[in-house]
Amino acid sequence: MNLNQNRAPIKEALEEFTSRRVVPFDVPGHKRGRGNYELTDFLGKACMALDVNSMKPLDNICHPVSVIAEAEKLAAAAFGASHAFFMVGGTTSSVQAMVFAATKRGDKLILPRNVHRSVINALVLNGAKPVYVNPQVNQNLGISLGMSLEDVKKAILENPDAKAVLVNNPTYYGVCSNLKEICKTAHENNMLVLADEAHGTHFYFGKNLPVNAIEAGVDFASVSMHKSGGSLTQSSFLLLGKGVSEGYVRQIINLTQTTSGSYLLMSSLDISRKNLALHGREIFKKVIELAEYAREEINAVGDYYAFSREIINGDTIFDFDITKLPVNTIGIGMAGIEVYDLLRDDYDIQVEFGDIGNILAYISVGDRERDLERLVGALLEIRRRYKRGNAGMLTQEYIEPIVETTPQEAFYAPKISLPLNETVGRISSEFVMCYPPGIPILAPGEKITVEIVEYIIYAKEKGCFMMGAEDENIERLNVIGKI
């Protein structure tokens, strides 16, 4: 097969199919948009015409043999992987598929606690046991870091029966662990390595960026193409390293992924892969230049701190993703979420997230210098208008958990609902998190402490979007057991 990165097989097949004006007596029921004119007017005729069902000319995502299979091979070649799966359930589905492929009920998975909720959700579903490597915290920035290599080695030594190690590459803030050495250590101890690379698509195509997971030697990597890769929201790749069984992983994926894969999402992955394979180097060169420009301008304002590679320490911050633009806001006496809300409500600027001490602006090839100037100007004005003392502010976004039982056992255990302030000392049976970034403050199976309750109350007061619990207002929590 000719692996010509100028090709986009799914797009080409869709173009051929639509040119034939086939009369549809299959699903979807809107019949190329004719059955839902309001939706067609809103999304456009071209979009609705491409929302089609799996059929022989277009292949099938569950068992691809033609155009999707060819597109998978092109994607694998572009990323340097042994295989690439098209994932249409977001990187959540990709992350969960690699956890399911590597572990089963009772198996141990070594992982950092500052993972996305999708990882712990996977443990709820398959019953694997987490062995947490608690990340250190940068006290000045209030952010959790990568995994120390020595901590990983210690966890492996103490849990020689663990099946795999999972690593964030990078964290939401751009922090990278020493992934090559973690892979080496894990493989020497017959463990697989899984990389949550939701925020690292550009590592495969840019220059002067941290090592990508496949190059580092991982066995699985979940890559969120819709974040920095340019594809549609909810589209992702699951990449395999050498020696991983493609057939078994596809079986795992097909346990949970839809049998009706969206051709809008799949074609967006196909086209975006082509774009990055051909132009990724220049695309991410521009992104880096924009991020560095914004960082310099924000730091010149004063009191804010847009951090970068100067925080690298060779271990828990082994490398840093310079396309990221995280900004610490504690210096102006405001929580990140407060600045986030002001930017959106008063200045019509939407950044990626705000937490207790930071905001994150996601920079991509779609940004312009004048847009960044607008962001800098807004931050300058917010500082001038709202700056205050920072006494009494919480700064830490990570609280070390006390794990009492597995996520699955806790989630499905008999439970009762208690007022939040009465839950101290009990074991949670549900999640609590700020979203984004979606890293649980509290996960099923963890003890609820005074510090956690105070953090939840503080985060709610500051306006963080809290989710995960049955009570949407997080006034009550479900805990294990009886009164």
- Any side-chain heavy atom of Tyr305 within less than 4.5 Å of one from Ile311? yes
(request) Take the angle between the ring planes of Tyr362 and His199 and call it parallel below 30°, perpendicular above 60°, tilted in between. (result) tilted
* **Greater than 12 external heavy atoms within 6.0 Å of Glu381's CD** => yes
Heavy-atom closest pair (Leu360 atom, Val351 atom, distance to 0.1 Å) is O-CB, 3.5 Å
So CG of Asp341 and CE of Met334: to nearest 0.5 Å the spacing works out to 9.0 Å
| query | Counting only N and O atoms by type, is there a donor-acceptor contact under 3.5 Å from the side chain of Asp471 to the main-chain atoms of Asn473? | reply | yes
Of all heavy-atom pairs linking Gly217 and Cys183, the shortest is C-SG, 3.7 Å
Between Ala97 and Leu238, the two heavy atoms sitting closest are CB-CD2, 4.0 Å
CG (Leu149) and CG (Asp315) are apart, to the nearest 0.5 Å, by 6.5 Å
field: Ser235 side chain vs Leu232 backbone, donor-acceptor pair below 3.5 Å
entry: yes
Does Lys227 reach the main-chain N or O of Thr201 with its side chain, forming a donor-acceptor pair under 3.5 Å?
no
Next on the checklist: So that I can tick it off, tell me whether Lys129 and Asp107 are bridged by a salt bridge, with the cut-off set at under 4.0 angstrom between side-chain N and carboxylate O.
Outcome noted: no
Heavy-atom count around Glu404 CD within 6.0 Å, excluding the residue itself: above 12? yes
| field | More than 12 heavy atoms from other groups under 6.0 Å of NZ on Lys285 | value | no
Exceeds 12 heavy-atom contacts within 6.0 angstrom, atom CD of Glu310 = yes
For the pair Asn189 (side chain) and Met191 (backbone), establish whether a donor and an acceptor sit closer than 3.5 Å, ignoring hydrogens and angles. no
### Query
Hey, what's the ring geometry for Phe284 with His202, parallel, tilted or perpendicular (30° and 60° as the breaks)?
tilted
So, Glu446 and Arg113, do they make that salt bridge, N to O below 4.0 Å?
-> yes
Residues at least two apart in sequence or cross-chain that pass side-chain hydrogen bond (donor to acceptor under 3.5 Å, both in side chains) with Thr171, listed by chain then number, are none
Worksheet item: Mind checking whether Ile480 and Thr405 have side chains closer than 4.5 Å, heavy atoms only?
Response: yes
Q: State, yes or no, whether a side-chain contact exists between Glu400 and Tyr132 at a heavy-atom distance under 4.5 Å.
A: no
Ring pair (Phe, Tyr, Trp, His ring centres under 6.0 Å) pairs touching residues 329-357, sequence neighbours excluded, are Tyr172-Phe353, Tyr173-Phe353
So the salt bridge (Lys or Arg N to Asp or Glu O under 4.0 Å) pairs with at least one residue in residues 318-338 (sequence neighbours excluded) are Arg309-Asp319, Asp321-Lys324, Glu338-Arg388, Glu338-Lys462
Check your understanding: Side chains of Glu72 and His83: is there a donor and an acceptor less than 3.5 Å apart?
Key -> yes
Which is it for Asp219 and His187 under the side-chain hydrogen bond (donor to acceptor under 3.5 Å, both in side chains) test, yes or no, and what are the steps along the way? CA-CA 10 Å; Asp219 301 284; His187 289 155; 2.8 Å; yes
What I want to check is whether the side chains of Ser93 and Gln96 have a donor and an acceptor closer together than 3.5 Å.
no
Check: Ile359 and Leu343 side chains under 4.5 Å, non-hydrogen atoms: yes
Query raised in the report: Side-chain contact, heavy-atom cut-off 4.5 Å: Thr406 with Leu123?
Result: no
side-chain contact (heavy atoms from CB on, under 4.5 Å) filter on Arg105, not counting sequence neighbours, yields Gln408
To the nearest 0.5 Å, atom CD1 of Ile399 lies from atom CD1 of Ile441 at 7.0 Å
Q. Is there side-chain contact between Thr91 and Val223, with heavy atoms separated by less than 4.5 Å?
A. no
Rounding to 0.5 Å, atoms CG (Leu442) and CD1 (Ile456) come to a distance of 5.5 Å
Does Glu470 offer a backbone N or O that forms a donor-acceptor pair with the side chain of Glu430 under 3.5 Å? yes
Exercise. What do the steps show when you test Val133 against Val165 for side-chain contact (heavy atoms from CB on, under 4.5 Å), and what is the final call?
Worked result: CA-CA 10 Å; Val133 175; Val165 179; over 6 Å; no
| Do Ser272 and Ser231 have side-chain atoms, one donor and one acceptor, less than 3.5 Å apart? | no
Residue set satisfying side-chain hydrogen bond (donor to acceptor under 3.5 Å, both in side chains) with Glu292, at least two apart, ordered chain then number -> Arg295
Is it true that a side-chain atom of Arg117 and a backbone atom of Met433 form a donor plus acceptor pair closer than 3.5 Å? no
Here the salt bridge (Lys or Arg N to Asp or Glu O under 4.0 Å) pairs for residues 130-159, sequence neighbours left out, are Glu150-Lys153, Lys154-Glu158
Scanning both residues in full, the closest heavy-atom pair of Ala469 with Ile474 reads CB-CD1, 3.6 Å
query = Is the backbone N or O of Gly142 less than 3.5 Å from a side-chain atom of Asn138, with the two atoms forming a donor-acceptor pair by type?
reply = no
Closest non-hydrogen atoms of Pro401 and Asn134, given as atom of the first, atom of the second and distance, are CD-OD1, 3.2 Å
- Message: Would the distance check show the side chain of Ser177 and the main-chain N or O of Leu179 forming a donor-acceptor pair, the cut-off being under 3.5 Å?
- Response: no
Between Tyr204 and Glu215, is there a side-chain donor-acceptor contact under 3.5 Å, judged purely by atom types and distance?
no
Exercise for the section: Carefully, step by step, assess Phe220 and Val244 under the rule side-chain contact (heavy atoms from CB on, under 4.5 Å). Expected result: CA-CA 8 Å; Phe220 297 84; Val244 180; 3.6 Å; yes
Quiz item: Checking ring-ring contact (aromatic ring centres under 6.0 Å, His included) for the pair Phe237/Phe79: CA distance, chi angles, key distance, verdict?
Solution: CA-CA 10 Å; Phe237 282 125; Phe79 283 87; 5.5 Å; yes
Review point. Counting distance only, does the side-chain N/O of Thr185 pair as donor-acceptor with the main-chain N or O of Ile182 below 3.5 Å?
Key: no
Checklist entry - Taking atom NZ of Lys163 as the centre, does the number of heavy atoms from other residues, nucleotides or ligands within less than 6.0 Å exceed 12? => result no
Exercise. Between Ser428 and Asn478, is any side-chain donor less than 3.5 angstrom from a side-chain acceptor?
Worked result: no
So OG of Ser236 and CG of Leu269: to nearest 0.5 Å the spacing works out to 7.5 Å
Could you check whether any side-chain heavy atom of Pro440 comes within less than 4.5 Å of a side-chain heavy atom of Phe431, counting everything from C-beta outward? yes
Distance-only side-chain donor-acceptor flag, Asn159 / Lys108, under 3.5 Å
yes
The reported gap from CE in Met225 to CD1 in Ile271 (rounded to nearest 0.5 angstrom) is 10.5 Å
Legend entry - Check: Thr103 main-chain N/O paired with Asn126 side-chain donor or acceptor under 3.5 Å: yes
TODO: Mark yes or no: Lys207 above the aromatic ring of Phe205, with NZ or CZ under 6.0 Å from the six-membered ring centre and no more than 45 degrees from the axis.
DONE: no
Do Leu145 and Val137 touch side chain to side chain, with heavy atoms closer than 4.5 Å?
no
Smallest heavy-atom separation, Val95 atom then Ser118 atom, equals CG1-OG, 3.6 Å
